[in-house]
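A, B, ... follow the sequence lines: proteins, then strands. Residue 1 opens every chain.
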Amino acid sequence: GDSVTQMEGPVTLSEEAFLTINCTYTATGYPSLFWYVQYPGEGLQLLLKATKADDKGSNKGFEATYRKETTSFHLEKGSVQVSDSAVYFCALSDARLGGTSYGKLTFGQGTILTVHP
Amino acid sequence: EPEVTQTPSHQVTQMGQEVILRCVPISNHLYFYWYRQILGQKVEFLVSFYNNEISEKSEIFDDQFSVERPDGSNFTLKIRSTKLEDSAMYFCASRGQVEGKLFFGSGTQLSVL
């Protein structure tokens, strides 16, 4: 079955440091890939997504590129801020966009990011 | 931005009791989901609901679980006879007809004693 593996956390960085959170996946076909973020006390929010190979999703300075050859979707940000402290989840959907099963996501274990001033 | 609302934020119950977790999805959404996250583990899909019926469910979603959309706004998850291993954070989510973006609530932390 489908699976998502994220790098082990937690990750602690200083402000303005470079961030990489690794994510690899196993899926049949051509899944859509997502990064979700959960700030303290809040629900999961979609950060970015990519629906086909070589697509780059980006939002709020974060980027991730859909690499089919390495089955990866690593999250990067060039300069993190204290406000980026949160839990980050990599996820996939192997259903077609808009279909009933599209919201059935397979998640990674989450990576806790803490950014210090 | 519109929000998915879940109540209560925390629920404590005794083993064997019934619990109902409540969710108010975004008003024009048509697809509804429940996920759960046991402490230290991955977020897991439980069930999806569309057109007033379950469209897909996981192995976790056994006969102890049920979902309902009793009116035009609420979406509930019922656990008929709770077990210790049902202790988890339960997330409700919804999305629109074509929009692929899933909106999550902030979760209900269920503790079964």
Side-chain angles (χ1 to χ4, degrees), chain A residues 1-10 23-27 30-52 55 57 59-60 66 86-112, chain B residues 1-7 9-10 21 23-26 29-61 75 88-109:
Chain A
D2 298 342
S3 68
V4 176
T5 303
Q6 287 180 235
M7 65 184 288
E8 293 293 325
C23 171
T24 57
Y25 67 90
T26 303
Y30 300 95
S32 295
L33 301 175
F34 308 87
W35 277 100
Y36 279 82
V37 59
Q38 185 180 27
Y39 299 104
E42 300 183 14
L44 286 78
Q45 301 173 27
L46 179 64
L47 180 59
L48 53 86
K49 70 178 184 183
T51 57
K52 60 183 188 297
D55 265 4
N59 185 25
K60 299 181 181 180
Y66 190 142
V87 184
Y88 292 82
F89 295 90
C90 186
L92 70 81
S93 172
D94 64 5
R96 62 176 178 83
L97 178 62
T100 304
S101 295
Y102 190 70
K104 179 188 174 188
L105 301 178
T106 300
F107 283 90
Q109 62 266 45
T111 301
I112 300 172
Chain B
E1 190 168 68
E3 289 185 346
V4 174
T5 304
Q6 288 187 245
T7 55
S9 55
H10 293 86
L21 308 183
C23 171
V24 179
I26 294 169
H29 281 185
L30 299 176
Y31 299 88
F32 312 107
Y33 306 85
W34 284 101
Y35 286 80
R36 79 171 187 189
Q37 184 180 28
I38 296 172
L39 186 64
Q41 298 185 23
K42 295 184 179 184
V43 177
E44 302 172 290
F45 168 79
L46 291 179
V47 65
S48 59
F49 191 86
Y50 171 72
N51 200 26
N52 281 319
E53 61 183 22
I54 291 173
S55 45
E56 196 165 358
K57 60 183 181 180
S58 70
E59 293 177 354
I60 303 166
F61 195 88
F75 179 51
M89 178 73 85
Y90 288 81
F91 294 103
C92 173
S94 70
R95 69 177 177 90
Q97 177 68 33
V98 176
E99 170 64 68
K101 183 177 178 179
L102 209 56
F103 289 79
F104 282 84
S106 54
T108 293
Q109 180 65 56

Exercise. So, A/Lys104 side chain and B/Ser58 main chain: donor-acceptor pair closer than 3.5 Å or not?
Worked result: no
For this session: Measure distances from A/Gln109 to the heavy atoms of chain B and classify the residue's part below 4.5 Å as side chain, backbone, both or neither.
Result: both
For this session: Check the pair A/Leu44, B/Phe91 against side chain to side chain contact (heavy atoms under 4.5 Å, CB included), reporting the backbone distance first and the verdict last.
Result: CA-CA 9 Å; A/Leu44 286 78; B/Phe91 294 103; 3.8 Å; yes
For this session: Could you give me the CA-CA distance, side-chain angles and deciding distance for B/Leu102 and A/Leu105, then say whether side chain to side chain contact (heavy atoms under 4.5 Å, CB included) is met?
Result: CA-CA 10 Å; B/Leu102 209 56; A/Leu105 301 178; 3.7 Å; yes
For this session: Could you point out which residue of A/Phe89, A/Tyr36, A/Tyr39 forms a ring-ring contact (aromatic ring centres under 6.0 Å, His included) with B/Phe104?
Result: A/Tyr36
For this session: Please say whether more than 12 non-hydrogen atoms of neighbouring residues, nucleotides or ligands are located less than 6.0 Å from CD in B/Glu3.
Result: no
Exercise. If you look at every heavy atom in A/Gly41 and B/Ser106, which pair is closest and at what distance?
Worked result: O-CB, 3.8 Å
Exercise. Where does A/Gln6 contact chain B at under 4.5 Å (heavy atoms): side chain, backbone, both or neither?
Worked result: neither
For this session: Determine, using ring centers only, whether B/Tyr35 and A/Phe107 are less than 6.0 Å apart.
Result: yes
Seminar exercise, completed: dist A/Ser3:OG -> B/Lys42:NZ (nearest 0.5 Å) comes out at 6.0 Å
Exercise. With a 4.5 angstrom heavy-atom cut-off, which part of B/Gln37 approaches chain A: side chain, backbone, both or neither?
Worked result: side chain
